[in-house]
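What follows is a short report on a single structure.
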Amino acid sequence: MDKYAEKMLKSLENPVQTGEYPDLKANADLAMFLKQSVKKGILYTNVQDGKIVYFTAENYSQMHQNTAYELMYVLDGTVIKQIEDKKYTLRTGEGYILNRRITHSDDVQDGFLLVLDFSEEFFREVTRSLDIREDTHPVFSFIEKCGQDSSGWRKSYLEFSPTVPLPNEQFRTVLDSLQQELATKKIGASFLQKGLFLRLVELLENKKMFNVNAIDIHSGKEDFLVERLTSYIVRKYGNVSRKDVEKDLHYNDEYLNRLLKKACGKTISRYAAEIRLDRARQLLSTTSLTIGEITNLLEFSSENYFYHFFKKAEGISPSRYRAEHHD
């Protein structure tokens with residue numbers, strides 16, 4: 001293990017203690033970290049400043065805070081994410097953008113996790129010429145508003161998940177390209193890093209690729225539960241029952257149903273059916289998957305059930321819809 005790797009490992013084992021929780025600091029304005037479960041523990045990889053450093057160690061899952069913003073993305077498998085006092089299970093394609101100073105931890109179970117740390121100064125520099133408006137650039141706008149919080153302690157974050165249950169090759173390609181540019185000292189690398197970062201965030205804003213939801217930790221109990229409920233349904237692509245909701249969210253299904261109806265005028269069943277229908281429309285109009293493959297991806301019990309579900313909602317068959325709406 002070289003001296004740089006030793007220094008990184010020491011920072012994980014003994015992070016700087018400035019308050020109730022330790023701080024983890026990146027040594028650059030833009031840095032990529034990867035954690036992958038392997039037989040001997042966790043393979044850590046750090047990519048920044050033209051270097052790739054890796055080593056194997058025990059799983060670091062201590063609660064901590066960051067001095068930079070953090071974009072976290074599950075490349076494969078399962079990761080347990082704790083944010084403040086709540087734990088969440090993340091699967092392939094899901095992730096978060098965390099504001100600075102939010103207390104959190106990552107427990108890589110059988111997964112492969114990527115973390116991209118970026119400083120406030122870096123974000124300001126790369127977005128200086130952008131016209132950032134919440135209606136056109138919701139992710140950029142969220143990060144910008146976090147930076148405008150003079151106290152630096154705004155307890156909010158973004159969660160995102162894939163719109164459809166398919167690999168996002170475009171997003172992964174940008175991540176791979178960014179990793180390559182962070183690992184090189186070739187001329188122009190810093191410019192390419194900035195462009196790829198902008199492209200990455202822009203892809204997160206693409207509603208055909210990702211569902212993005214802003215969470216305010218300090219919101220009231222009912223608002224928080226509605227956020228958790230709608231997020232849960234979306235991440236399951238609408239394939240949920242009230243009993244599923246009750247089991248996984250640990251609240252009575254009738255209580256959650258009332259909260260959702262109060263918030264948006266829809267029951268859990270109706271909200272889930274609308275999400276499921278929307279995902280079916282997207283897969284029919286943007287992919288060449290067969291009806292059977294779409295049936296399986298969205299976990300309908302049979303093609304016949306999918307056919308009747310879709311035709312009842314849309315008034316036409318899935319095949320007819322595809323013929324009329326395929327890109």
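- Looking only at atom types and distance, the side chain of T173 has no donor-acceptor partner in the side chain of D176 under 3.5 Å away.
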TODO: Using the side-chain hydrogen bond (donor to acceptor under 3.5 Å, both in side chains) rule, take D107 and S61 through it: C-alpha gap first, then chi angles, then the decisive distance, then the call.
DONE: CA-CA 5 Å; D107 186 1; S61 57; 5.0 Å; no
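- Counting only distance, with no hydrogens or angles, the side chain of E246 and the backbone of D253 share a donor-acceptor pair below 3.5 Å.
- Classification of D49 and K51 as a salt-bridged pair fails, no side-chain N sitting under 4.0 Å from a carboxylate O.
- Taken together through direct or relayed side-chain contacts under 4.5 Å among Ile, Leu, Val, Met, Phe, Trp and Tyr, V234 and V139 form parts of separate hydrophobic clusters.
- In terms of heavy-atom proximity, L30 sits nearest to Q193 at CD2-CB, 4.1 Å.
- Using a 4.0 Å cut-off between a side-chain N of Lys or Arg and a carboxylate O of Asp or Glu, E314 and R281 qualify as a salt bridge.
- Between E159 and R228, at least one side-chain nitrogen of the basic residue sits less than 4.0 Å from a carboxylate oxygen of the acidic one, meeting the salt-bridge criterion.
- The environment of OH in Y255 is crowded: more than 12 heavy-atom neighbours from other residues, nucleotides or ligands sit within 6.0 Å.
- Placement of L71 and L198 within a single hydrophobic cluster is found when ILVMFWY residues are connected by side-chain heavy-atom separations under 4.5 Å, directly or transitively.
- Expressed to the nearest 0.5 Å, how far CZ of F55 lies from CG of N46 amounts to 8.0 Å.
- A distance-only check finds a donor-acceptor pair linking the side chain of D244 to the backbone of S241 [under 3.5 Å].
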Open item on the list: Run the side-chain hydrogen bond (donor to acceptor under 3.5 Å, both in side chains) test on H104 and E70 for me, step by step, so that the C-alpha distance in whole Å, both residues' side-chain angles and the decisive distance to 0.1 Å come before the verdict.
Closed with: CA-CA 11 Å; H104 64 285; E70 176 179 300; 3.2 Å; yes
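- Contact check on E299 versus K236 returns no salt bridge, with no Lys/Arg side-chain nitrogen under 4.0 Å from an Asp/Glu carboxylate oxygen.
- A cation-pi geometry, defined here as NZ or CZ lying under 6.0 Å from the six-membered ring centre and within 45° of its normal, holds between K194 and F191.
- Both Y232 and Y271 are members of a single hydrophobic cluster when ILVMFWY side chains are connected at heavy-atom separations under 4.5 Å.
- The structure places CD of Q180 at 9.5 Å from OG1 of T184, a figure rounded to the nearest 0.5 Å.
- Looking at heavy atoms from C-beta onward, I143 lies in side-chain contact with F118 at the 4.5 angstrom threshold.
- Put simply, the side chain of T45 reaches to within 4.5 Å of the side chain of V47, judged on heavy atoms.
- Between Q82 atom CD and Q62 atom CD the span is 12.0 Å, to the nearest 0.5 Å.
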TODO: Would you check, one step at a time, whether the test side chain to side chain contact (heavy atoms under 4.5 Å, CB included) holds for L229 with I268?
DONE: CA-CA 9 Å; L229 175 58; I268 291 173; 4.1 Å; yes
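- Ionic pairing of E324 and R320 is present here: one or more N-O contacts between side-chain nitrogen and carboxylate oxygen are shorter than 4.0 angstrom.
- Two residues are said to be in side-chain contact when any heavy atoms from C-beta on lie closer than 4.5 Å; T89 and T78 meet this criterion.
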Task: Stepwise side chain to side chain contact (heavy atoms under 4.5 Å, CB included) test for Y307 and S317 - done: CA-CA 6 Å; Y307 176 90; S317 69; 3.5 Å; yes
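- Between P162 and M209, every side-chain heavy-atom pair lies at or beyond the 4.5 Å cut-off.
- Side-chain atoms of R235 never come within 3.5 Å of backbone atoms of T230 as a donor-acceptor pair (strictly under, hydrogens ignored).
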- [ ] Given side-chain hydrogen bond (donor to acceptor under 3.5 Å, both in side chains), test Q170 with N168 step by step and report yes or no.
- [x] CA-CA 6 Å; Q170 192 172 353; N168 192 324; over 6 Å; no
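- Listed for the H326 side chain is no donor-acceptor partner under 3.5 Å among the backbone atoms of R322.
- Under the 4.5 Å side-chain contact rule for hydrophobic residues, L204 and L200 share a cluster.
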Open item on the list: Determine whether Y54 and Y44 satisfy the following criterion, ring-ring contact (aromatic ring centres under 6.0 Å, His included), listing intermediate values before the conclusion.
Closed with: CA-CA 5 Å; Y54 59 90; Y44 292 89; over 10 Å; no
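- Proximity of I102 to Q65: side-chain heavy atoms (C-beta onward) are nowhere separated by under 4.5 Å.
- Under the 3.5 Å distance criterion, the side-chain polar atoms of R172 are matched with a main-chain donor or acceptor of L75.
- Here M32 contributes atom CE and L182 contributes atom CG; the two are 5.5 Å apart, rounded to the nearest 0.5 Å.
- Ring orientation note: the planes of F300 and F309 are tilted relative to one another, at an angle of 30° to 60°.
- Of all the heavy atoms in S285 and Y321, the pair that sits closest is CB-CE2, 4.4 Å.
- Looking only at side-chain heavy atoms (C-beta outward), R133 and F140 stay at 4.5 Å or farther from each other.
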Task: Test log, rule side-chain hydrogen bond (donor to acceptor under 3.5 Å, both in side chains), inputs Y237 and R276 - done: CA-CA 6 Å; Y237 310 107; R276 216 171 188 197; over 6 Å; no
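- Between Y73 and G93, the shortest heavy-atom contact is CE1-O, 3.5 Å.
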- [ ] Show the numbers, then the answer: is there a side chain to side chain contact (heavy atoms under 4.5 Å, CB included) between K208 and Q282?
- [x] CA-CA 8 Å; K208 290 184 177 181; Q282 184 174 339; 3.9 Å; yes
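- Under the side-chain contact (heavy atoms from CB on, under 4.5 Å) test applied with K81, the options K87, K86, M72 reduce to a single match, M72.
- Of the possible donor and acceptor atoms, none in the side chain of E181 sits under 3.5 Å from a partner among the backbone N and O of L178.
- Closest non-hydrogen pair, N213 versus I215, comes out as ND2-CD1, 3.4 Å.
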TODO: Under the side chain to side chain contact (heavy atoms under 4.5 Å, CB included) rule, what do N99 and Y69 come out as? Steps first, then yes or no, please.
DONE: CA-CA 5 Å; N99 190 9; Y69 296 106; 3.2 Å; yes
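- Minimum interatomic distance between D117 and A68 (heavy atoms only, all atoms of both residues): CB-CB, 4.3 Å.
- Interatomic distance, N59 CG to I42 CD1, rounded to the nearest 0.5 Å: 4.0 Å.
- Taking the six-membered ring for Trp and thresholds of 30 and 60 degrees, Y88 and Y96 have ring planes inclined between 30 and 60 degrees apart.
- Under the 4.5 Å side-chain criterion, counting only non-hydrogen atoms from C-beta, T163 is in contact with R279.
- Proximity of a side-chain donor or acceptor of Q36 to a complementary backbone N or O of L43 within less than 3.5 Å is not detected.
- Ring geometry, F171 versus F210: the interplanar angle exceeds 60°, so the pair is classed perpendicular (tilted spans 30 to 60°).
- Taking every heavy atom of both residues into account, I291 and E303 meet most closely at CG2-OE1, 4.1 Å.
- Salt-bridge annotation for R124 and E144: absent, with no side-chain N of the basic residue lying under 4.0 Å from a carboxylate O of the acidic one.
- To the nearest 0.5 Å, the span separating CG on L192 from CZ on F197 amounts to 15.0 Å.
- Under the 4.5 Å side-chain contact rule for hydrophobic residues, V74 and L166 do not share a cluster.
- Two residues are said to be in side-chain contact when any heavy atoms from C-beta on lie closer than 4.5 Å; E134 and K145 meet this criterion.
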